[in-house]
Novice: 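Supplied in structure tokens, the structure appears directly below.
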Amino acid sequence: MILPKKFYARDPAIVAKEILGCILVKKEHSPLKGKIVETEAYYGLSDPASRAFKGKMNHNKWMWGEAGTLFIYMVHGNWLLNIITERKGTPSGILIRAVEPIDGIEEMKKRRNVEIKNLTSGPGKLTKSFGITKQHNGIKVYDPSSEIVVEKGEKPSKIKTSRRIGVKEDLPQHLRFYIDGNPFVSK
DNA sequence: AGGAAGATCTACT
DNA sequence: GTAGATCTTCCTA
């Protein structure tokens, strides 16, 4: 079952937590699947680490889109995968930081040529393994006809939180969520 | 033209 | 484990 649009139309911290354990699916010749094991929540104008913080610009305009829209951008030579949350006109979203490969592992290995454990254990790694680039910007992940969708998964046994990774200036609250003990969570 | 950005890889102490 | 080079766009000057 594909998560409905209204799943995303909530506070990003809630969405980031509840999407853990769900399945990221990219439809290809043989579909690529990965369980989401690590996410971060990003707010818009009030969040110094957010891409939307400095106002609407060409590269981040997708953050102002509808809930359930993909927002992809490049940093340090890596594509990072975000899903927009809340409603149109309110920039916020979640960053998918790591997934656990389930299907299409051979295809992923062809692209990355590394051990399974290094295939998707980081935001830039998983986009490479899945072959995701900015051409996928704006895809609706709740639409069954989309190339990329998110399916409902099992509720993870243990969820932990921490501060976000790599950001220069973080908010005081914990906005990173991950499945405790999963080997694909990044360090 | 220059620099910065939600990172990653490699090579070391 | 940490340190440094390098990764690719897009913004600012």
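What you see is a predicted model, and the numbers here were worked out from it, not measured in a lab. By convention in this document, chain letters (A, B, ...) are assigned in the order of the sequence lines, proteins followed by strands, and residues within each chain are numbered from 1.
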Novice: Give, for atom CG of A:L119 and atom CZ of A:R111, the distance between the pair rounded to the nearest 0.5 Å.
Specialist: 10.0 Å

Novice: Would you please confirm or rule out a distance under 4.0 Å between OP1 or OP2 of B:dG6 and any side-chain N or O of A:R51?
Specialist: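 Indeed, a polar side-chain atom of A:R51 lies that close.
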
Novice: Mind calculating the distance between CD (A:Q135) and P (C:dT8) to the nearest angstrom?
Specialist: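 Result: 17 Å.
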
Novice: Under 4.0 Å between a side-chain N or O of A:K187 and OP1 or OP2 of C:dG1?
Specialist: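 Looking at the OP1 and OP2 atoms of C:dG1, neither is under 4.0 Å from any side-chain N or O of A:K187.
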
Novice: Can you measure A:L80 atom CG to B:dA5 atom C1' for me and round it to whole angstrom units?
Specialist: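 To the nearest whole Å, that distance equals 9 Å.
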
Novice: From the set C:dT9, B:dG6, C:dC11, return the single nucleotide nearest to any side-chain atom of A:M74.
Specialist: C:dT9

Novice: What is the distance from NZ of A:K117 to C1' of B:dC9, rounded to the nearest Å?
Specialist: 14 Å

Novice: I need the A:E18 CD to A:I159 CD1 distance, nearest 0.5 Å.
Specialist: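 Output value for this atom pair is 8.5 Å.
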
Novice: Just the rounded figure in Å: distance from P of C:dC10 to CD1 of A:I72.
Specialist: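 Answer to the nearest Å: 13 Å.
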
Novice: Looking at C:dT12, B:dG6, C:dC10, which one has an atom nearest to any side-chain atom of A:M57?
Specialist: C:dT12

Novice: Whole Å only: how far is the NE2 atom of A:H76 from the P atom of C:dG4?
Specialist: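 After rounding, the reported distance stands at 15 Å.
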
Novice: Counting only Watson-Crick or G-U wobble pairs whose two distances fall under 3.5 Å, which nucleotide matches B:dG3?
Specialist: C:dC10

Novice: Atom CZ of A:F71 to atom C1' of C:dT9: distance rounded to whole Å?
Specialist: 12 Å

Novice: Kindly label the base of B:dG6 as syn or anti, based on whether its glycosidic torsion lies within 90° of 0.
Specialist: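 For B:dG6, whose glycosidic angle is within 90° of 0, the conformation is syn.
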
Novice: Whole angstroms only, please: what is the CG-P distance between A:L126 and B:dT8?
Specialist: 9 Å

Novice: Just to be sure I understand the rule, does A:N58 reach a base, reach only the sugar-phosphate, or reach nothing, if contact means heavy atoms closer than 4.0 Å?
Specialist: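 Sugar-phosphate contact only - A:N58 comes under 4.0 Å of backbone atoms but never of a base.
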
Novice: Please check if any side-chain donor atom of A:S121 sits under 3.5 Å from a side-chain acceptor atom of A:K125, or the reverse.
Specialist: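 Judged by distance alone, the side chains do pair up.
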
Novice: Measuring from A:I72:CD1 to A:H136:NE2, what's the distance to the nearest 0.5 Å?
Specialist: 6.5 Å

Novice: When you get a sec, tell me which of B:dA7, C:dC11, B:dA5 is the closest nucleotide to the side chain of A:K168?
Specialist: B:dA5

Novice: Side chain of A:K134 only, please: which of B:dA7, B:dG6, C:dC10 is the nearest?
Specialist: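 For the A:K134 side chain, the nearest candidate turns out to be C:dC10.
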
Novice: Please determine if A:K109 and A:E107 form a salt bridge, counting it only when a charged side-chain N lies under 4.0 Å from a carboxylate O.
Specialist: no

Novice: Relative to the 5' end of DNA chain B, which residue comes earlier, A:K54 or A:R112, by the nucleotide with the nearest heavy atom?
Specialist: A:K54

Novice: Could you state the atom-to-atom distance from CG of A:N60 to P of C:dT9 in whole Å?
Specialist: 17 Å

